[in-house]
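Structure record follows, encoded as structure tokens.
The chain is numbered in sequence order, starting from 1. Whatever order the structure lists them in is the order used to number ligands and atoms, beginning at 1.
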Amino acid sequence: MKFRSTRNIAPAASLSEAICAGQAADGGLFMPETLPAEAVQGAEAASDLASFAAGFLAPFFEGDVLEESLASICTEAFDFPLAEIGLEDGLSVLELFHGPTGAFKDFGARFLMACLDRLGDPAAPFTVLAATSGDTGGAVGCAAEGRSALRAVILYPDGRVSPFQAHQLSCWDTPVTTLKVNADFDSCQKLVKSAFSDRNLTRRHRLTSANSINIARLLPQAAYLAFTTVRHQAQTGETPGLIIPSGNLGHGVAALIARACGAPIRTVVLATNANATLHDWARSGLYMPRPSVVTIANAMDVGTPSNFERLEAGHLDVSGLIVERVDDDAIRNRIKADHARFGYTWCPHSACGAEAYARLCQARLGRNWLIAATAHPYKFADIVEPVIGEAIKPPATLSAVLDRPMRAEDCDADLAALTAYLDL
Ligand SMILES: *Cc1c(COP(=O)(O)O)cnc(C)c1O
């Protein structure tokens, strides 16, 4: 299998070339050359997620140096459960937050790190550089821990993330370094960008990024969405619709990839927060990226969805795609209403999905729906607890994070300071 740039100028790449490069040389994003409609059939008999994923992803790994390692990559990446919980007739929650850092980002981060570790060289390891205020940094740090052919350097804006976020960004062991940067998030991102545009530095440390444009983050997401929908269909005889809380659109594109590869997925609904870019595009056909606005579902505060190009490039069938935009008041009301009605507690992102479900028209409601719950509500306790008037208990995975010592280093927001850390 080859991977082509959405812009079609850069030459086609192998899977591992696409993984190491992250982005294509022409600025586009890598997409599989074909989306094999029979991928699901090759995996259907598997009973657990890791072996399903190994079957489902086999066509994408065919002919690559990683082909022989696919099964072990899947065993490492899919080493925690995924739960489907029925809320009412026709509605289930797909809980994707049972991994070690409590958000679905664990799937993509663990898969990507497992790939990079096999592609790297302990004598000249990759350096995964990630600026983050949200779930990605913690997931990457955790997934990088103990690996020998890569190291991870995580930057976050000091004093500008919640105490829990600070903890989960700072508690990972070798080869992870966490830098708390004396600046805001935009400056952290600028700093990372300036590191990547320094060719010498990039080459010397084999710098690579872990953001959601990397194809190795989308593939495992497509795999678990295919696994759950196949299982759902086998158990209920129904082809479910999927509701996906969306920001940078990695998860949404993964759902469309899964559907193209034969997963029984009917409609895909993208639920966004108040950031209107996708919603306006769905209504008008015009894509108008803009600066993001701050919301209480902050992992989806995106005005320029970085995976949009994959949606538009024409490889994916976007027919029937629905976009719902949910503002902060509606998020709070939905958390409150569903806590009262089902005794179920959403995180603010998952609540966008629940609100999109509540807005479905009558004709659609007669069918089965799965709402992807992307983070454990404990991670956003400061927002959710006042709304439901109750304390949220941390699950064992997140208590374990809090039990770890923190070890972040102070760093100034300039390239010389970052370079000094990288060269250590
Ligand atoms: C990253 C994230 C999202 C958005 O996912 P995309 O792939 O960027 O659309 C939603 N919810 C949570 C909790 C996240 O961390």
Side-chain angles (χ1 to χ4, degrees), residues 29 93-112 130-143 156 161-162 164-165 168-169 209-222 224-225 242-258 268-275 277-279 281 289 292 295-311 321 323-326 331 335 345-356 371-384 398:
L29 308 183
V93 190
L94 179 56
E95 291 187 342
L96 300 170
F97 52 66
H98 297 290
T101 71
F104 81 100
K105 299 283 198 308
D106 280 324
F107 286 107
R110 296 175 89 67
F111 195 88
L112 173 58
T132 174
S133 57
D135 295 314
T136 301
V140 166
C142 176
Y156 77 90
V161 302
S162 74
F164 179 81
Q165 291 286 26
Q168 75 151 7
L169 290 164
S209 139
N211 59 25
S212 73
I213 58 169
N214 199 304
I215 191 71
R217 279 187 52 181
L218 302 194
L219 292 175
Q221 293 176 11
Y224 67 65
L225 293 171
L242 268 187
I243 303 179
I244 310 276
S246 297
N248 266 323
L249 257 183
H251 212 182
V253 165
L256 297 173
I257 290 177
V268 174
V269 178
L270 305 175
T272 72
N273 59 22
N275 284 278
T277 307
L278 283 176
H279 186 247
W281 164 74
S292 64
T295 76
I296 57 172
N298 62 7
M300 310 193 321
D301 288 351
V302 176
T304 308
S306 52
N307 279 289
F308 183 79
E309 207 168 314
R310 286 192 163 109
L311 209 65
L321 196 68
V323 180
E324 275 296 335
R325 173 177 174 239
V326 181
I331 292 175
I335 291 173
T345 309
W346 303 105
C347 87
H349 313 83
S350 312
C352 294
E355 176 63 15
I371 300 174
T374 49
H376 192 284
Y378 178 78
K379 292 193 98 171
F380 301 92
D382 53 330
I383 292 152
V384 179
L398 300 185

So is there a nitrogen or oxygen of A103 less than 3.5 Å from a nitrogen or oxygen in ligand 1?
no
Please verify the inter-ring angle class for W281 with F308; under 30° counts as parallel, over 60° as perpendicular, anything in between as tilted.
perpendicular
Please confirm whether the ring centroid of F97 lies under 6.0 Å from the ring centroid of F104.
no
Considering only protein heavy atoms, which is closest to atom 5 (O) of ligand 1, and at what distance to one decimal place?
F104 CZ, 3.4 Å
For ligand 1, which atoms have a heavy atom of D135 less than 4.0 angstrom away?
12 (C), 13 (C), 14 (C), 15 (O)
Atoms of ligand 1 under 4.0 Å from any heavy atom of N248, numbered from 1 in the order shown, are 6 (P), 8 (O), 9 (O)
Does L249, backbone or side chain, put an N or O under 3.5 Å from an N or O of ligand 1?
yes
Distance under 4.0 Å to a non-hydrogen atom of S246: what atoms of ligand 1 satisfy this?
9 (O)
Quick one: are V384 and P348 in side-chain contact, heavy atoms under 4.5 Å?
yes
Give me the nearest non-hydrogen protein atom to atom 12 (C) of ligand 1 as residue plus atom name, then the distance to 0.1 Å.
T374 OG1, 3.4 Å
If you scan protein heavy atoms around atom 14 (C) of ligand 1, the nearest is K105 NZ, 2.9 Å
With a 6.0 Å cut-off on ring centres, are Y378 and F164 close enough?
yes
Which atoms of ligand 1 are found less than 4.0 Å from any heavy atom of G250?
6 (P), 7 (O), 9 (O)
Looking only at protein heavy atoms, what sits closest to atom 9 (O) of ligand 1 is G247 N, 2.7 Å
If you define the side chain from C-beta out and look only at heavy atoms, does anything of V140 sit under 4.5 Å from K105?
no
Run the numbers for me: atoms of ligand 1, each under 4.0 Å from some heavy atom of H251, listed by number.
7 (O)
To the nearest 0.5 Å, what is the distance between CE on M300 and OG on S292?
12.5 Å
Going by heavy atoms in the side chains, are D135 and K379 under 4.5 Å from each other?
yes
A375: numbered ligand 1 atoms lying under 4.0 Å from its heavy atoms:
13 (C)
Main-chain N/O of A299 paired to H349 side chain as donor or acceptor, under 3.5 Å:
yes
